[in-house]
Amino acid sequence: MLQVPFIRENKDLVITRLAKRNIDATNMIDQVIALDEDRRRIQSNLDNTLAESNTISKEIGNLFKAGKAQEANLLKEKTSLLKESSKQLSEDLNRKSNELNELLYKIPNVPNEIVPAGNTDEDNEEVFKEGDIPVLHDEALPHWELAKKYDIIDFELGNKITGAGFPVYKGKGARLQRALIAYFLDKNTEAGYTEYQLPHLVNEASGFGTGQLPDKEGQMYHVTEDNLYLIPTAEVPGTNIFRDTLLNEGDLPIGITGYTPCFRREAGSYGAHVRGLNRLHQFDKVEILRIEHPTQSYKALDGMVNHVKSILQELKLPYRILRLCGGDLGFTSALTYDFEVFSTAQDRWLEISSISNFETFQANRLKLRFKNADGKNQLAHTLNGSSLALPRVLAGILENYQTKEGIVIPEVLQSYTGFSIID
RNA sequence: GGAGAAAUGGCAGAGUGGUCGAAUGCGGCAGUCUUGAAAACUGUUGAGGGUCACACCUCCGGGGGUUCGAAUCCCUCUUUCUCCGCCA
């Protein structure tokens, strides 16, 4: 959620930056400013009314103490009028505030200056590319065929137990999953992130805190009986650790990492690109998350990008980094870098990580603040990214490391898997 | 699931109708001392709205009520703790 004073003072900037998302926010912004003016006007009326009745109440108290009951009773009559108008005013105020908030919930974050304008993923800007694309043998297969051939992932079995998009990992496939999780967590903790094990279900307030609600309600699995949501990413429980908190400046920066399964309804995605591991309802992901001082957050973003780079270098996978264009940028993000690994057998890039700076957009709704050097409470910046999401990394490994003899395990993973080839 | 107790500032914890936005301790910040740090001592320190700045208003888990006046009384919801039951 954007901050109203920021909108008020940077109206033109907000509108031109939101245009990068192909949104003409002029009307919404005007409305925000108008509603805010109304709100403040009503508030000030209400304040004056309440101030008057507070004064009278004190007088009444004093009169009673002085034994002047009759005069006190006269004053009492006066308060009933004030009461009525303050009731009316506070109703008006509530209505305006709610209207304002509903509108604010609908306005996405203001993109950073360097975010390219654009509509679709084709307008994303490639900023880095590394790693050799292997030349595969003639009988090379896409990962879903490999999974069947070596009996390491069973998609049909998942259909039977749950439904499409809930694969079952078996034998060396399951072990490879576990190895990747352990490896990612080790890399992240080595880089200074503190490991957390987080709940996989969250309440409504947490959903609001990170912006999944009310926006993407339909994308989360909802346990109606207890009104809880299955997490679509560890970002939700992880960031909500800091909901309604006031940190000291010295507490910053904070870095945490956690492995969780992620549950996504993915309503509306069908077709060839969802085959195999490409798009799932349940998948595993190791997340990194940072709370930063506003002056440090972009440096931290670069640091996160470099960290994920180093992992992909170790895994020796061909990858590229994209700076997302306005149209592809998530609702809450100000700047996002996507990592994509090249799937040789499918001849396409697969997104495996998304690293974003949310600036104060999440912190505002979360009320995540720190006491700055001037002793003022200031919103912190939040960032997060995948480090890394499992299924597509797994797809990339299976496809790029396949040989006629079997699938070779990347060297850095072998101490985790305990084997060097799947055959 | 049953019975009882509780929810107060960054944290812990007093406060049972008016001078309480709230004692005290811890923590934070500033200073004294010190080569520096620690300790000790002194001062300062709740949040949000509003204002150029004051004034002023709101907030003691959420919502509603009683009252001229509520952290304090009543209703309701939520959460936590203790005991019992069940249980990986």
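Letters go in sequence order (proteins before strands), and every chain restarts at 1. Keep in mind that this is a model prediction, so the values were computed, not measured.
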inquiry  = Can you check the distance between B:rA71 and B:rG64, where both ends of the measurement are the P atom (answer in whole Å)?
reply    = 15 Å
Sorted by number, the residues of residues 79-89 of chain A with heavy-atom contact under 4.0 Å to RNA chain B = A:T79, A:K83
inquiry  = Classify A:N62 by what it touches in the nucleic acid, base, sugar-phosphate, or nothing, heavy-atom distance under 4.0 Å.
reply    = nothing
query = What residues form a salt bridge (charged side-chain N to carboxylate O under 4.0 Å, His left out) with A:D47, not counting sequence neighbours?
reply = none
task = Using the salt bridge (Lys or Arg N to Asp or Glu O under 4.0 Å) rule, take A:K187 and A:E314 through it: C-alpha gap first, then chi angles, then the decisive distance, then the call.
result = CA-CA 11 Å; A:K187 292 298 290 183; A:E314 277 193 4; 2.8 Å; yes
Solution key, residues 56-64 of chain A side-chain donor-acceptor pairs under 3.5 Å, sequence neighbours excluded:
residue: A:S57; atom: OG; partner: A:S53; partner atom: O; Å: 3.1
residue: A:N62; atom: ND2; partner: A:K58; partner atom: O; Å: 3.4

ask   = If we take the C1' atom in both B:rG65 and B:rG17, what is their distance in whole Å?
value = 16 Å
request  = Stems involving RNA chain B: give each as a range paired with a range, ordered by first number, where a stem means at least three consecutive Watson-Crick or G-U wobble pairs under 3.5 Å.
outcome  = B:1-7 with B:78-84, B:10-12 with B:24-26, B:27-32 with B:40-45, B:46-49 with B:56-59, B:61-65 with B:73-77
request  = Assign A:L50 to base, sugar-phosphate, or nothing according to its heavy-atom contacts below 4.0 angstrom with the strands shown.
outcome  = sugar-phosphate
note = By salt bridge (charged side-chain N to carboxylate O under 4.0 Å, His left out), A:K96 pairs with (sequence neighbours left out) A:D38
query = P atom, B:rU42 versus B:rC26: distance in rounded Å?
reply = 11 Å
remark   = Residues at least two apart in sequence or cross-chain that pass side chain to side chain contact (heavy atoms under 4.5 Å, CB included) with A:I114, listed by chain then number, are A:N112, A:R323, A:L335, A:Y337
query = C1' atom, B:rA88 versus B:rC74: distance in rounded Å?
reply = 43 Å
inquiry  = Please report the distance separating the C1' of B:rG50 from the corresponding atom of B:rU58, rounded so that it comes out in whole Å.
reply    = 11 Å
ask   = Taking the same atom, P, in B:rG63 and in B:rA14, what whole-Å distance lies between them?
value = 25 Å
request  = Establish, yes or no, whether the cationic atom of A:K285 lies under 6.0 Å from the six-membered ring centre of A:Y259 and within 45° of the ring axis.
outcome  = no
key: Qualifying salt bridge (charged side-chain N to carboxylate O under 4.0 Å, His left out) pairs with a residue from residues 14-34 of chain A, counting only residues at least two apart or across chains   = A:K11-A:D30
inquiry  = Please classify the nucleic acid contact of A:R41 as base, sugar-phosphate, or nothing, using heavy-atom distances under 4.0 Å.
reply    = nothing
query = Considering only the P atoms, how many Å lie between B:rC56 and B:rA22, rounded to the nearest integer?
reply = 13 Å
message = Under the rule for side chain to side chain contact (heavy atoms under 4.5 Å, CB included), what residues qualify as partners of A:I241, not counting sequence neighbours?
response = A:Y196, A:L198, A:I256
query = What distance, rounded to whole Å, do you find between the two C1' atoms, one in B:rG15 and one in B:rC29?
reply = 27 Å
message = Please verify the inter-ring angle class for A:H307 with A:Y193; under 30° counts as parallel, over 60° as perpendicular, anything in between as tilted.
response = tilted
request  = Just jot down the ring pair (Phe, Tyr, Trp, His ring centres under 6.0 Å) partners of A:Y416, sequence neighbours excluded, or say none.
outcome  = A:Y183
message = Quick check for you: name the first and last nucleotides of RNA chain B, 5' to 3', having an atom under 4.0 Å from a heavy atom of chain A.
response = B:rG18 to B:rG69
Pairwise 5' ranking along RNA chain B for A:K371 and A:K58, keeping only the more 5' one = A:K58
inquiry  = Go nucleotide by nucleotide along RNA chain B from the 5' end; which of A:N48 and A:I60 gets its closest nucleotide reached first?
reply    = A:N48
ask   = With sequence neighbours excluded, what pairs up with A:L246 under the side chain to side chain contact (heavy atoms under 4.5 Å, CB included) test?
value = A:R369, A:K371, A:N377
message = Checking A:R392 now: which residues fulfil salt bridge (charged side-chain N to carboxylate O under 4.0 Å, His left out) with it, not counting sequence neighbours?
response = none
